[in-house]
Structures are given as C-alpha cells and as structure tokens.
Trainee: 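Next up is a structure, given as structure tokens.
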Amino acid sequence: MKSAVETLNPTRVRLTVEVPFEELKDSLDAAYKKINQQVTVKGFRKGKIPARVIDQRFGRGAVLEEAVNDALPKFYTEAVNEAEVNPLGQPEVDITELKDGELLAFTAEVDIRPVLEIPDYSGIEVTVDAVEVTDEDVEKSVEQLRERFASTNPVERAAAEGDVVTIDLEAKVDGEVLPDGVAEGVSYTIGSGELLDGIDEAVTGLEAGGDATFTSQLKGGSAEGKDAEVSVKVTAVAARELPELDDEFAQMASEFDTLDELKADSRKRLENMKQFDQATQAQERVLDELLKLVEVPMPEKLLEDEINTRKHNLEHHQLGQMGLTLDKYLEIQGKTEDEFLAETKEQAEKGIKTQFILDELVNKEKLNVSQEELTEHLMRRAASSGMSPDQFAQAVVEGGQVPMLVGEVARGKALAVVVEAAKVVDTNGETVDLEDDEDETAAETVEAVTGETEVAEEKNEA
C-alpha cells in the first residue's frame with residue numbers, strides 16, 4: 001500500500017492511498033461469503049454458490065462494493081498510522097479509482113489535532129474573592145434553618161403576606177373554563193411567587209370563604225402564554241409561627257446542645273463553602289489566562305459538529321424535560337436566535353480549546369490517572385446523575401465511555417498543575433493557599449467549561 005499526506009490547513013489533512021488489488025483478497029473472500037449467506041440460487045445449496053455464479057447473477061460490482069466497504073477502515077487506519085497524524089471524528093472518503101484486478105485508490109480528508117506549543121505558564125496571576133463570613137451571613141443561615149421548622153396554625157382573620165392559605169382556583173380563557181384550569185385545596189404561601197402573577201394581591205386581605213378574580217398570563221398548561229381570568233376562593237388561612245432562637249431550638253434542629261454551638265457550626269460550614277467557591281473561581285480564572293497564552297487553530301468541521309450537538313441537546317433534552325421549545329426559551333432569556341448561536345459558538349470554541357490544551361499538558365507533564373482517582377470521579381458523577389455507583393459504572397462500561405472519564409480526570413489534574421504554579425491572591429491582597437486535593441474540583445471546573453465537548457480520535461471508522 002502507498003500513502004501520502006497533504007496538509008490542507010493546521011487542522012485538516014488529505015490522505016491519498018493506493019492499494020494493490022491483491023491486498024483486497026481477504027475482503028473479497030469475506031464479501032462472497034456474506035453474499036452467499038444472503039441470497040438463494042436454484043440448484044445450489046445456501047452458502048455453496050460459486051463465486052462465478054454470484055458474479056453472473058448479482059454482478060461483480062456488488063461484490064467489489066462489499067469488499068471495499070469492508071477493507072477501507074483497515075487501509076485508512078494504516079495510512080493514518082504511517083502519516084503519524086491524530087484524526088478527529090469521521091473522515092470524508094472519496095474512492096478515486098477502482099480497477100478490478102489492478103488497483104484501489106481513495107482519498108480521505110479528516111480534521112486532526114493541531115500541534116500546540118504550551119508556553120511557560122508559571123507567570124499566571126489571578127485575583128479571587130476573599131473568604132469572609134460575616135455575622136449577618138451566619139444569622140441568615142440560622143434563619144433559613146428556622147424557617148424549615150416553622151409551624152402553621154389556623155387563624156380567623158384576613159390573610160396577610162407570609163400566611164399559608166388553602167385555595168380553590170378556576171381559570172377561563174375567552175369565557176371558557178380550561179380542561180386543566182381547575183384546582184382545589186392548593187396550599188400557597190403569600191409572597192412566595194410560586195403560583196400565578198397577581199395572586200398575592202388577589203388573596204391578601206381575604207378571610208376564609210372570601211373570593212376574588214384577577215387576570216394573569218398562564219405559565220404552562222394547555223393555554224400557556226395566554227391571558228386568563230382566574231377565580232380564586234380562600235378556604236382556610238393559617239399563620240406561620242417560627243420557633244424561638246434558643247438552645248431548645250438548637251437541640252431540635254441539629255446535633256448541638258446550644259445555639260452558640262449551632263452558630264459556630266454554621267460559620268464553619270459557610271467558610272468551607274466559600275473556600276470551595278474560591279478554589280473554583282481560581283481554577284476558572286487561571287484557565288481563562290491559560291487559554292489566552294496558547295494559540296489554538298480551530299477545526300471547522302469539529303466546531304460545526306460541536307455547535308450542532310450543544311444545540312440539539314439543549315433543544316431535545318434539557319428544554320424538552322421542562323416542556324419548553326427553543327423559541328420559548330429564547331423569549332424567556334430575551335435573546336434572538338443569532339445571539340443564541342453566537343453564544344453557543346463561543347462556548348463550543350472555548351470547550352474545544354480547553355480540551356486541546358489540557359490534553360497537551362497531560363502529555364507534557366506525563367500525568368496518569370490511578371484506579372482510585374477514577375473510582376472517586378465515577379462516584380461523584382454517579383451522585384450527580386442520580387444513579388447508584390454500580391448502575392453508573394455499568395452504563396459507562398456498556399457505553400464505552402471509560403476513556404472519556406479517564407480524560408476528564410486527567411484534564412482536571414492538568415488544570416490543577418497550572419493552578420499550583422500560578423499566583424493566586426484574594427481581594428485583600430493575601431496570597432491564597434489552595435488545598436492539595438484540588439484535582440477533583442478542577443475536573444468539575446473543566447467539565448463546566450467543556451460541557452458537551454468530547455473530542456474523539458477516530459482511527460478505525462471510514
């Protein structure tokens with residue numbers, strides 16, 4: 001086999017391959033065998049039809065087509081290995097010559113990983129938010145816990161903000177009651193904003209047995225987006241009562257004996273959360289600075305596929321689960337389709353660049369992923385997916401996604417190396433000493449940036 005490689009641009013090559021016909025022998029034998037199992041010829045047992053009869057009855061061209069389709073992946077892979085290129089995605093193959101008994105010639109155009117030069121990144125400097133937990137933060141946290149332990153008691157008075165009312169609802173559009181526009185016994189906290197626009201004003205001031213009518217644009221259901229005339233009747237009013245903030249509350253709401261101990265624990269938890277947020281912020285900002293340092297040629301076909309994948313997944317998975325169309329989503333976001341596509345392109349480019357650069361760093365720094373690191377990452381991914389670790393692991397193996405998970409961990413380790421080399425200070429000018437076990441949070445940061453991106457190298461499919 002003869003092959004040559006032509007560089008079309010920094011991210012795309014054309015392979016020209018010539019294969020002597022005798023190299024197709026195994027594929028031709030396999031083609032005759034396959035056709036033998038698929039067809040029936042009178043006078044011959046199934047599977048025992050001579051090659052000359054198959055050629056006469058079904059045409060030599062059908063056999064050659066089957067043989068070439070079988071052989072192309074192998075010859076393509078050999079050409080890729082000989083050229084020492086790293087292809088991305090599926091090649092565009094064009095058979096330029098097929099002479100029976102003489103020659104098979106084809107070209108394959110494919111995107112390749114660009115060759116990157118990673119400069120010295122030790123000079124990266126970023127500023128992050130300082131970790132500061134105020135008394136007000138602690139009080140707010142304790143108050144949120146207190147809200148969870150609130151009780152409700154029926155009252156005989158007009159409903160006010162913060163009260164829990166039990167209501168019956170009926171919605172009409174153009175004077176007709178909607179099929180899904182009737183609800184009874186709905187519990188609603190006035191001021192929560194969890195139901196229709198205008199309902200707070202309608203029920204405030206009503207006692208049990210009182211009713212009101214208001215107009216509201218429906219947020220869902222059969223008449224989504226239309227203005228409806230909504231009748232509401234209050235059947236009960238209950239006041240929310242918060243427990244006293246004392247040691248007894250601390251014992252009821254936590255494992256602590258005193259309110260002071262509960263507040264101290266709340267402060268510690270808030271500090272840990274802010275330290276985690278600070279580490280994530282440092283990783284994101286260091287990554288942004290690293291992306292500025294490296295010039296990354298962008299494979300056009302890969303970028304196009306990535307944009308389409310992100311758009312498809314948003315439209316058919318994420319929005320579909322929420323019952324939204326893309327048009328409705330854009331309306332809610334206040335964006336035009338052009339603005340949405342521009343943002344999607346920008347995100348896709350950043351995801352691809354991030355993966356290219358961090359993969360290059362993995363090789364440069366000779367980073368490996370241990371079984372323990374892979375298991376920890378798998379456990380976290382399983383938790384975020386709502387699956388058990390065993391279920392998630394099985395799905396990963398069956399889907400052939402183990403290399404993808406290994407790549408995620410490796411890129412996280414690469415980013416952690418860059419963050420460790422960078423100078424990170426907080427808004428108070430203090431040097432931030434990040435934790436040593438930042439690899440896993442770095443993997444999360446990389447996932448957030450790359451999103452749908454998984455740049456796969458395809459060597460075996462043509």
Side-chain angles (χ1 to χ4, degrees), residues 3 5-17 72-73 76-77 79-94 106-118 287-288 290-318 337-338 340-364 399-412 414-415 443 445-462:
S3 66
V5 60
E6 176 188 358
T7 301
L8 302 178
N9 60 51
T11 63
R12 195 165 178 84
V13 297
R14 179 189 293 121
L15 299 167
T16 302
V17 183
L72 269 179
Y76 169 70
T77 301
V80 163
N81 292 335
E82 186 176 307
E84 297 183 344
V85 295
N86 295 313
L88 304 171
Q90 301 264 353
E92 294 180 3
V93 177
D94 181 24
F106 67 91
T107 61
E109 286 192 19
V110 66
D111 284 337
I112 59 169
R113 279 182 178 268
V115 177
L116 302 181
E117 290 293 330
I118 307 295
L287 178 59
D288 286 341
L290 178 64
L291 293 179
K292 294 176 185 177
L293 291 178
V294 186
E295 186 69 31
V296 181
M298 185 59 53
E300 294 182 8
K301 182 67 167 59
L302 180 66
L303 177 60
E304 180 185 345
D305 291 344
E306 178 67 13
I307 292 171
N308 290 336
T309 296
R310 287 174 179 250
K311 183 174 181 291
H312 175 86
N313 287 345
L314 173 67
E315 190 170 2
H316 297 281
H317 297 298
Q318 296 163 263
E337 186 173 0
D338 287 342
F340 164 72
L341 290 175
E343 286 183 8
T344 303
K345 180 182 179 182
E346 182 180 350
Q347 293 163 358
E349 285 182 336
K350 185 175 182 179
I352 293 171
K353 287 182 179 180
T354 296
Q355 189 163 328
F356 281 160
I357 293 172
L358 294 182
D359 284 347
E360 186 65 31
L361 273 170
V362 169
N363 295 328
K364 180 179 180 180
Q401 294 181 315
V402 173
M404 181 188 73
L405 288 187
V406 173
E408 289 174 353
V409 179
R411 291 175 203 119
L415 177 57
T445 300
V446 173
E447 286 173 50
V449 173
T450 57
E452 311 289 344
T453 308
E454 182 55 40
V455 179
E457 294 184 0
E458 298 285 353
K459 292 188 178 181
N460 298 319
E461 294 185 33

Trainee: Identify the two heavy atoms, one from Arg12 and one from Asp111, that lie closest to each other, and give their separation to 0.1 Å.
Mentor: NH1-OD1, 3.0 Å
Trainee: Hey, are the side chains of Ile112 and Leu88 touching, using non-hydrogen atoms and a 4.5 Å cut-off?
Mentor: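 Not in contact.
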Trainee: Partners of Asn9 by side-chain hydrogen bond (donor to acceptor under 3.5 Å, both in side chains), sequence neighbours excluded?
Mentor: Thr11
Trainee: Of all heavy-atom pairs between Leu415 and Leu358, which one has the smallest distance, and what is that distance?
Mentor: N-CD2, 4.1 Å
Trainee: Quick one: do Ile118 and Leu361 satisfy side-chain contact (heavy atoms from CB on, under 4.5 Å)? Show the steps, please.
Mentor: CA-CA 8 Å; Ile118 307 295; Leu361 273 170; 3.9 Å; yes
Trainee: Rounded to the nearest 0.5 Å, what's the gap from OG1 on Thr107 to CG on Asp94? Could you check?
Mentor: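 Those atoms lie 4.5 Å apart.
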Trainee: For Asp288 and Lys350, which heavy atoms make the closest approach, and how far apart are they?
Mentor: OD1-NZ, 2.9 Å
Trainee: What I'd like to find out is whether the side chain of Thr16 reaches to under 4.5 Å of the side chain of Ser3, using heavy atoms alone.
Mentor: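 Not in contact.
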Trainee: Could you work out, with side-chain hydrogen bond (donor to acceptor under 3.5 Å, both in side chains) as the rule, every residue matching Asp305, not counting sequence neighbours?
Mentor: Lys301
Trainee: So, for Ile307 and Ala348, which heavy atoms are closest and what is the spacing to 0.1 Å?
Mentor: CG1-CB, 4.0 Å
Trainee: Go through Glu408 and Val446 one step at a time and tell me if the side-chain contact (heavy atoms from CB on, under 4.5 Å) criterion holds.
Mentor: CA-CA 8 Å; Glu408 289 174 353; Val446 173; over 6 Å; no
Trainee: Looking at side-chain heavy atoms only, is the closest gap between Leu116 and Pro297 below 4.5 Å?
Mentor: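 A side-chain contact exists here, since the closest heavy-atom pair is under 4.5 Å.
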Trainee: Tell me, with the steps shown, if Glu360 and Glu117 meet side-chain contact (heavy atoms from CB on, under 4.5 Å).
Mentor: CA-CA 9 Å; Glu360 186 65 31; Glu117 290 293 330; over 6 Å; no
Trainee: Does some side-chain heavy atom of Thr354 sit less than 4.5 Å from a side-chain heavy atom of Leu291?
Mentor: yes
Trainee: Please determine if Lys311 and Glu315 form a salt bridge, counting it only when a charged side-chain N lies under 4.0 Å from a carboxylate O.
Mentor: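 A salt bridge is present here (some side-chain N lies under 4.0 Å from a carboxylate O).
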Trainee: Do Lys345 and Glu349 have side-chain heavy atoms sitting under 4.5 Å apart?
Mentor: yes
Trainee: Tyr76 and Phe106: which non-hydrogen atoms are nearest, and at how many Å?
Mentor: N-CZ, 4.1 Å
Trainee: Decide, yes or no, whether a salt bridge links Glu306 with Arg310 under the criterion of side-chain N to carboxylate O below 4.0 Å.
Mentor: yes
Trainee: Tell me every residue that passes side-chain hydrogen bond (donor to acceptor under 3.5 Å, both in side chains) with Glu6, counting only those two or more places apart in sequence or in another chain.
Mentor: Arg14
Trainee: In Å, rounded to the nearest 0.5 Å, how long is the span from NZ of Lys353 to CG of Leu287?
Mentor: 11.5 Å
Trainee: List the steps, then state whether side chain to side chain donor-acceptor pair (under 3.5 Å) holds for Gln355 with Thr450.
Mentor: CA-CA 7 Å; Gln355 189 163 328; Thr450 57; 5.4 Å; no
Trainee: Do Val110 and Val13 make a side-chain contact, defined as non-hydrogen atoms from C-beta onward lying under 4.5 Å apart?
Mentor: yes
Trainee: Near Glu295 CD, under 6.0 Å, is it more than 12 heavy atoms from other residues, nucleotides or ligands?
Mentor: no
Trainee: Would you indicate whether the side-chain heavy atoms of Leu405 and Gln401 approach each other to under 4.5 Å?
Mentor: no
Trainee: Stepwise, does the side-chain contact (heavy atoms from CB on, under 4.5 Å) test hold for Asp359 with Arg113?
Mentor: CA-CA 10 Å; Asp359 284 347; Arg113 279 182 178 268; 3.0 Å; yes
